[in-house]
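Working notes for the structure below.
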Amino acid sequence: MRATQLLISTLKETPADAEVISHQLLLRAGMIRKLEANGLYNWLPLGLKVLRKVEKIIREEMDKSGAQEVLMPVVQPADLWIESKRWEYYGAELLRFKDRHDREFCLGPTHEEVITDIARRELRSYKQLPINFYQIQTKFRDEVRPRFGIMRAREFIMKDAYSFHLTQESLQQTYDVMYETYSSIFSRLGLQFRAVLADTGSIGGNKSHEFHVIALSGEDAIAYSDQSNYAANVELAEAISPVISRSQATQELKKVSTPNQHSIEDVSNFLNVSPEQCLKTLIVYGKEDGLVALILRGDHQLNVIKAAKHELIASPVVFASNEEIKETIGCEIGSIGIIDLKIPMIVDRSALQVSDFVCGANEDGFHLTGVNWGRDLPEPTNIFDLRNVVENDPSPDGSGHLKIARGIEVGHIFQLGEKYSSAMQAKVLDETGRAVTMTMGCYGIGVTRVVAAAIEQNHDEKGIIWHDSIAPYQIVLTPMNMHKSKRLEIASEELYKKLIAAGFEVLFDDRKERAGVMFADWELIGIPHRLVISDKGLDEQTFEYKGRRDKDAQKISADQLIDFLKSKIGNNAM
RNA sequence: CGGGGUGUAGCUCAGUUUGGUAGAGCACUGCUUUCGGGAGGCAGUUGUCGGAGGUUCGAAUCCUCUCACCCCGACCA
């Protein structure tokens with residue numbers, strides 16, 4: 001490709017509404033542009049090149065896994081969604097509208113209904129199973145608050161796959177294949193990623209993994225062991241109770257005045273004890289009427305997803321209002337304590353381990369010190385894992401300690417079970433001739449999000465750094481002052497053709513631009529390999545090469561150039 | 001949906017307090033130079049001042065309404 005024939009719309013300045021680095025760089029590199037409305041983006045030629053490469057790798061690996069590609073409409077009839085009950089439950093994220101005949105439709109945020117409809121029409125026999133369909137298709141979710149550019153846009157491209165099975169064992173097998181396939185995909189994309197155990201949430205099912213690209217700007221926190229393969233979303237990661245037993249009580253129970261000291265930070269500073277030595281009491285609504293107290297160590301954070309799984313706690317977790325707390329317990333939020341609480345109490349495992357602790361006195365302006373389980377109040381009976389794991393907690397698999405990293409969720413695989421197949425009567429005959437509801441798996445990759453995630457992970461102050469496999473072009477050929485040297489022009493044209501013949505994806509910067517402009521543009525756009533051709537170099541039969549991450553350029557003799565480039569770029573992108 | 005902020009040239013922004021008829025830098029066009037790191041010079045082009053209504057001799061500026069976008073939160077798998 002010649003630069004004079006390519007839309008190069010680089011910006012020197014960062015548009016004011018771009019918050020995250022991937023959004024800024026995609027805009028500045030001229031890869032995407034926002035359409036008038038919020039959360040909708042145009043893909044310009046250079047950006048689309050990248051997107052298509054990501055799609056190609058996904059497609060190749062999915063095909064290799066034995067999945068088959070289909071294409072389903074973006075517009076979906078309401079009837080199917082009514083059948084699955086999601087017309088009622090999906091909420092405002094589902095963009096609904098009517099056609100000219102007043103029939104109701106929606107824009108597909110996902111395609112479970114449609115694929116299940118295909119399956120129930122086309123699949124008749126267990127002999128056709130297992131089967132795995134995928135598509136790469138545009139989705140629309142009317143997000144409450146789209147943000148971060150293409151990271152969380154309203155319209156986006158997703159690779160979604162749906163598998164159908166007669167048995168759980170079969171589902172597990174395909175699930176494992178997808179796990180491996182995803183690992184291959186993200187490896188080929190050149191991403192540093194981690195597969196983590198995930199909460200299955202309201203979709204249900206018994207097993208789920210998220211694939212996260214590790215990046216400081218990630219929206220999710222993930223916990224992983226420093227010594228084993230264990231990794232889980234912090235939402236899910238289990239906080240193991242340390243094996244150490246509680247120390248003996250050494251202090252007297254005392255009531256102390258703590259005027260205007262409310263937060264754990266206030267109280268621990270005021271009494272000169274560490275937050276670990278304090279217990280905090282959070283009041284939430286119970287599943288039945290009434291309130292429930294949750295007891296955590298002062299330095300720990302409540303994990304609302306874990307808490308919502310407790311049988312006494314309302315799901316989702318809702319904190320009690322100040323008025324109700326005052327009415328039921330008799331004090332303000334900052335002074336709630338554990339002794340003589342009149343409501344059910346659920347104690348985090350770690351809170352159980354503390355002796356001589358500090359807690360509220362259930363009386364405004366007072367706390368208790370030297371409190372001990374068993375001595376000053378009964379040993380708790382209701383013990384639960386309520387908190388977020390923190391750095392250096394023991395790993396739940398017993399091997400090593402947990403580290404915390406930020407991740408961008410780019411893929412999610414889970415076992416759906418029969419939620420859609422049973423609601424929509426998707427059945428096949430088994431070997432005894434009996435109609436059996438199929439069980440399903442579902443596997444997504446946010447294709448457009450992958451592009452953003454790749455940038456979040458790979459950029460510097462000059463711009464994007466694409467991995468060879470997804471760069472819009474592998475090599476950029478930049479001649480120095482070509483318009484002044486006929487000899488250089490001829491040599492550049494020759495080299496351009498030679499590189500193409502050798503199988504490289506090469507961009508020839510034939511613009512009449514100064515060197516600095518060319519260099520700055522291609523560094524911003526993130527072309528991984530740069531060749532400079534100059535009169536000086538022609539004299540000594542060399543070209544100058546610089547990798548996007550290299551500090552300095554190096555001279556390569558003309559006769560070795562192709563071999564050199566092949567060794568640099570390798571086969572992964574060819 | 002709640003809170004905060006911003007709307008002026010393609011981009012970044014000044015001008016609004018104190019009303020007087022629209023600006024800078026970058027970008028873009030042409031020419032030019034000492035042309036390997038977003039260079040310099042000369043000459044140009046670019047606006048419903050987000051929209052509607054009002055006050056006024058006169059509104060980007062004051063008032064009312066409205067729309068859009070951004071940030072924080074809530075929501076969401």
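Within every chain, numbering begins at 1; the chains are lettered A, B, ... in the order of the sequence lines, protein sequences first and strands thereafter.
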Tell me which donor-acceptor pairs under 3.5 Å the side chains of residues 14-32 of chain A have, and how far apart each pair is, sequence neighbours excluded?
residue	atom	partner	partner atom	Å
A:Asp17	OD2	A:Lys34	NZ	3.0
A:Ser22	OG	A:Glu456	OE2	2.7
A:Gln24	NE2	A:Ala18	O	3.2
A:Gln24	NE2	A:Glu19	O	3.2
A:Arg28	NE	A:Leu11	O	3.0

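There is a side-chain donor-acceptor pair under 3.5 Å between A:His209 and A:Tyr175. Side chain to side chain, A:Ser263 and A:Glu265 fail the donor-acceptor criterion of an N or O pair below 3.5 Å.
For the OP1/OP2 pair of B:A77 and a distance below 4.0 Å, the side-chain nitrogens and oxygens of A:Arg141 include no atom meeting the criterion.
With A:Trp81 as the partner, the ring pair (Phe, Tyr, Trp, His ring centres under 6.0 Å) test is satisfied by one option alone out of A:Trp87, A:Tyr420, A:Tyr90: A:Tyr90.
In terms of the side-chain contact (heavy atoms from CB on, under 4.5 Å) criterion, residue partners of A:Val74 (sequence neighbours excluded) are, by chain and number, A:Leu107, A:Gln137, A:Thr138. Under the rule for a side-chain contact (heavy atoms from CB on, under 4.5 Å), A:Lys551 has no partner lying at least two apart in sequence or in another chain.
For RNA chain B, the residues of residues 531-557 of chain A within the heavy-atom distance limit of 4.0 Å (strictly under) are A:Val532, A:Ser534, A:Glu544, sorted by number.
In a base pair of the Watson-Crick type (N1 to N3 plus N6-O4 or O6-N4) or a G-U wobble (N1-O2 and O6-N3), with each distance short of 3.5 Å, B:G73 is matched with B:C1.
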Close N or O pairs between protein and nucleotides 24-32 of chain B (under 3.5 Å):
residue	atom	partner	partner atom	Å
B:G25	N2	A:Glu13	OE1	2.8
B:C26	O3'	A:Lys12	NZ	3.4
B:A27	OP1	A:Lys12	NZ	3.4

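The 12-atom threshold is not exceeded at NZ of A:Lys555, counting heavy atoms of other residues, nucleotides or ligands nearer than 6.0 Å.
Residue pairs meeting the ring-ring contact (aromatic ring centres under 6.0 Å, His included) criterion with at least one member in residues 515-543 of chain A, sequence neighbours excluded: A:His529-A:Tyr545.
Heavy atoms of A:Ala515 sit under 4.0 angstrom from primed sugar atoms or phosphate atoms, though from no base atom.
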